[in-house]
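Just so you know, ligand 1 is whichever comes first in the structure, and atom 1 is the first atom listed for that ligand. The shown structure was predicted, so the numbers you read here are calculated from the model rather than taken from an experiment.
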Amino acid sequence: MARLLNVSALSADHLTRPLVCHASPFQAAGLERVTKRRLLLACLLLSGVIYFLRGRKGAVLNTPALTPLPESEEGALSSEDERDEDSPVLLNMTSWSAPVVWGDSAVSEWRRREFSNTAFRVGLAVFVVGRYSQYLPHFIASAEHYFMRGDAVIYYILTDNLRNVPTLQLGSGRRMRALQVTEMPQWDRLSRVRMSLLASAIKEQIQREVEYVFCMDVDQEFVNPVGTEILGELVATLHPEYYGMPLYTYPYEKAEVSLAFVEEGEGDFYYTSELYGGLCSEVYALTRACSQFILQDSEASFHALQYEESYLNRYLINRRPTCVLSPEYSWWDSPRSPEVPVQRIVSLGRECASLEPQKRAARRC
Ligand code: UDP
């Protein structure tokens with residue numbers, strides 16, 4: 001754990017020592033001489049100290065990562081390190097020197113400043129097929145509020161039904177384009193063709209209109225600002241449930257027959273398919289390669305365990321992302337998700353899938 005940026009270890013240790021010192025006089029006096037009242041008082045005092053320590057830990061966890069990028073690999077998290085729940089880790093650089101983005105870090109502030117003098121346009125592409133149209137108005141409303149606020153954005157809605165795309169009030173410099181796709185709303189079918197449809201959309205339209213494109217699932221919402229700190233050549237997002245977990249736990253494709261196959265010991269991180277992006281040329285190359293892997297596997301009647309996510313992860317091992325988004329940008333309430341300084345994008349669909357049945361109703365899943 002020496003290479004990890006452990007922000008809580010110092011404070012927790014510092015706070016524990018006085019607790020031990022306070023406990024010893026009770027022992028020295030001899031428990032037999034302690035009256036019931038004193039014992040009760042001691043318990044109350046002890047619970048107070050424990051309560052204080054817990055609050056302190058929470059405060060540390062909620063502190064944004066304001067550490068500068070290390071010059072070497074000091075901040076890099078080896079996938080072989082176990083996630084230590086008691087010591088929050090804010091990884092800020094990968095072993096290949098790509099930044100890991102936390103929105104409130106000094107590096108992100110610097111990146112936002114850098115982009116403030118540059119003209120650029122960003123595309124945000126989502127599929128809205130069948131019943132997923134119910135998510136669209138809220139997705140766009142939250143993006144209008146938090147996504148690249150004040151910048152030029154085009155929403156690309158890839159849909160089987162143009163009538164499902166409502167006319168929404170958008171901010172200045174922001175537009176929406178509905179692109180017809182001829183897909184039937186069948187989840188397994190759609191999961192095989194999404195990458196190929198995206199590749200075609202980028203080639204035929206998106207690359208002519210924007211420099212950067214991000215692909216997202218529509219069953220998500222923006223809950224805090226997401227700005228130019230996420231722009232990069234090839235951008236991938238850490239899957240929250242595998243953040244800081246050892247490499248052997250990642251659900252990479254294990255079947256050797258598949259083009260998504262990842263050999264034991266290979267790989268860096270496990271990325272989510274909920275959000276990825278970058279320069280149009282890079283995202284086109286990614287979607288085209290993945291769609292070819294998927295097509296070839298389908299011809300051999302094989303489809304990877306995690307659908308597109310498996311192919312995406314395979315691709316990102318060969319072509320490592322130049323910018324890695326922290327789980328702030330893809331978070332959902334799951335016992336396996338880490339606490340993050342700020343939740344920025346929340347996946348409603350994955351959250352529902354990870355909740356117990358009784359909690360699902362409360363979240364209107
Ligand atoms: N999707 C869609 N219609 C469907 C299934 C999926 O439009 O019938 C789109 C939608 O944008 C959704 C994305 O594909 O957010 C990913 O699907 P889903 O959320 O079911 O996949 P998961 O994230 O659970 O793997």
Side-chain angles (χ1 to χ4, degrees), residues 123-143 147 154-166 168 176-202 206 213-223 236-242 250-253 260 270-277 283 286-287 290-291 294 303-316 325 327 329-334 336-337 345-355 360 363-365:
L124 187 54
V126 286
F127 278 92
V128 177
V129 173
R131 67 177 183 84
Y132 278 70
S133 58
Q134 63 175 308
Y135 293 105
L136 185 61
H138 184 67
F139 176 84
I140 300 289
S142 70
F147 182 70
I154 303 182
Y155 299 102
Y156 294 97
I157 316 296
L158 289 84
T159 182
D160 61 331
N161 186 352
L162 294 173
R163 276 174 302 181
N164 279 343
V165 182
L168 299 165
M176 190 182 296
R177 287 215 191 294
L179 308 177
Q180 176 88 45
V181 294
T182 52
E183 283 311 313
M184 296 303 288
Q186 286 153 354
W187 191 89
D188 60 333
R189 164 88 189 133
L190 197 58
S191 72
R192 283 169 216 261
V193 295
R194 266 188 300 238
M195 286 285 192
S196 141
L197 292 167
L198 268 171
S200 304
I202 294 170
I206 300 175
V213 61
F214 284 84
C215 310
M216 288 184 71
D217 282 7
V218 75
D219 53 346
Q220 300 191 84
E221 66 174 330
F222 292 84
V223 294
T237 310
L238 297 176
H239 190 298
E241 293 186 327
Y242 297 97
Y250 298 173
Y252 289 144
E253 181 53 55
Y270 191 73
Y271 303 101
T272 175
S273 58
E274 302 264 306
L275 167 63
Y276 55 90
V283 184
L286 179 155
T287 49
C290 288
S291 62
I294 294 170
H303 206 52
L305 186 71
Q306 302 294 333
Y307 299 90
E308 293 138 316
E309 204 164 81
S310 300
Y311 298 94
L312 176 75
N313 273 280
R314 175 65 263 176
Y315 182 89
L316 293 170
L325 305 184
Y329 297 88
S330 182
W331 195 88
W332 55 92
D333 187 8
S334 144
R336 297 174 58 188
S337 295
I345 300 176
V346 172
S347 171
L348 306 168
R350 294 212 179 176
E351 183 163 284
C352 285
S354 73
L355 289 177
R360 285 187 197 172
R363 293 286 179 114
R364 282 183 276 141
C365 288

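If you number the atoms of ligand 1 from 1 as listed, the ones under 4.0 Å from a heavy atom of L190 come out as 1 (N), 2 (C), 3 (N), 4 (C), 5 (C), 6 (C). Numbered from 1 in the order shown, with element, the atoms of ligand 1 that lie under 4.0 Å from a heavy atom of V128 read 7 (O).
The part of R194 lying near ligand 1 is the side chain, judged by heavy-atom distances below 4.0 Å. Heavy atoms of F127 found under 4.0 angstrom from ligand 1 belong to the backbone as well as the side chain. Only the side chain of R350 comes within contact range of ligand 1, with a heavy atom under 4.0 Å; no backbone atom does.
Note on ligand 1: V126 sits outside its first shell, no heavy atom being nearer than 4.0 Å. Using a 4.0 angstrom heavy-atom cutoff, E274 counts as in contact with ligand 1.
For E309, the side chain to side chain donor-acceptor pair (under 3.5 Å) partners two or more places apart in sequence, or in a different chain, are Y270, S273, R350. The side chain to side chain donor-acceptor pair (under 3.5 Å) test applied to R314 returns E266, N318, not counting sequence neighbours.
Under a 3.5 Å cut-off, the side chain of T272 and the backbone N or O of T237 do not form any donor-acceptor pair. S354 contributes a side-chain N or O that, together with a main-chain N or O of E351, makes up a donor-acceptor pair within less than 3.5 Å.
At under 3.5 Å, not a single nitrogen or oxygen of M216, backbone or side chain, sits near a nitrogen or oxygen of ligand 1.
In summary, of the residues considered (F147, Y132, F222), a ring pair (Phe, Tyr, Trp, His ring centres under 6.0 Å) with F139 occurs for F222 alone.
When only modelled atom types and interatomic distance are considered, E241 and S334 share a side-chain donor-acceptor pair under 3.5 Å.
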